[in-house]
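One structure below.
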Amino acid sequence: MDQWYASSKTCSNCDEKHEKMTLDVRNWTCSSCCAEHVKDSKVSCSTALAWARR
Ligand SMILES: [Zn+2]
């Protein structure tokens, strides 16, 4: 859980940390490199996998 939160707050493109960003934000754009991050895509992907295994 901690790893997920930490990585979701860190830009995977430039490793910029956004500590002030709220955890419930789904879409955010890095203020440092302008990369777009969509947290929802990962969630829906794992959810689909869980359903497929049933
Ligand atoms: Zn960035």
Side-chain angles (χ1 to χ4, degrees):
M1 278 302 234
D2 287 343
Q3 273 189 328
W4 162 253
Y5 283 155
S7 61
S8 64
K9 276 186 170 184
T10 306
C11 177
S12 57
N13 193 45
C14 69
D15 286 339
E16 177 81 12
K17 285 187 180 178
H18 300 268
E19 298 289 352
K20 289 180 182 177
M21 188 173 67
T22 52
L23 291 174
D24 60 323
V25 67
R26 290 181 178 180
N27 305 314
W28 59 281
T29 304
C30 178
S31 57
S32 184
C33 70
C34 294
E36 290 184 20
H37 300 270
V38 183
K39 192 192 288 184
D40 239 11
S41 62
K42 286 185 180 177
V43 174
S44 59
C45 182
S46 59
T47 304
L49 266 174
W51 275 101
R53 286 177 183 172
R54 282 188 157 193

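One is the number of the first residue; the rest follow in order along the sequence. In listed order, ligands and their atoms are each counted from 1.
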Euclidean distance, K17 NZ relative to S32 OG, rounded to 0.5 Å: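 That separation rounds to 14.0 Å.
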Which atom names give the shortest non-hydrogen contact between V25 and T22, and what distance separates them?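 Shortest heavy-atom contact: CG1-O, 3.0 Å.
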Could you list the residues that satisfy side chain to side chain donor-acceptor pair (under 3.5 Å) with D15, not counting sequence neighbours?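 Applying side chain to side chain donor-acceptor pair (under 3.5 Å) to D15 gives none.
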If you define the side chain from C-beta out and look only at heavy atoms, does anything of C33 sit under 4.5 Å from C11?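 The answer is yes, as the side chains (C-beta and beyond) meet within the 4.5 Å cut-off.
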Taking only residues two or more places apart in sequence or in another chain, which ones pass side chain to side chain contact (heavy atoms under 4.5 Å, CB included) with E36?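 For E36 the side chain to side chain contact (heavy atoms under 4.5 Å, CB included) partners, ignoring immediate neighbours, are T29.
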Holding to side chain to side chain contact (heavy atoms under 4.5 Å, CB included), I want the full list of residues that pass it with S31, two or more places apart in sequence or in another chain.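 With neighbours one apart ignored, the set is H18.
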Using a cut-off of 2.8 Å, count how many protein N, O or S atoms are strictly closer to the Zn ion (ligand 1).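 For the Zn ion (ligand 1), the figure is 4.
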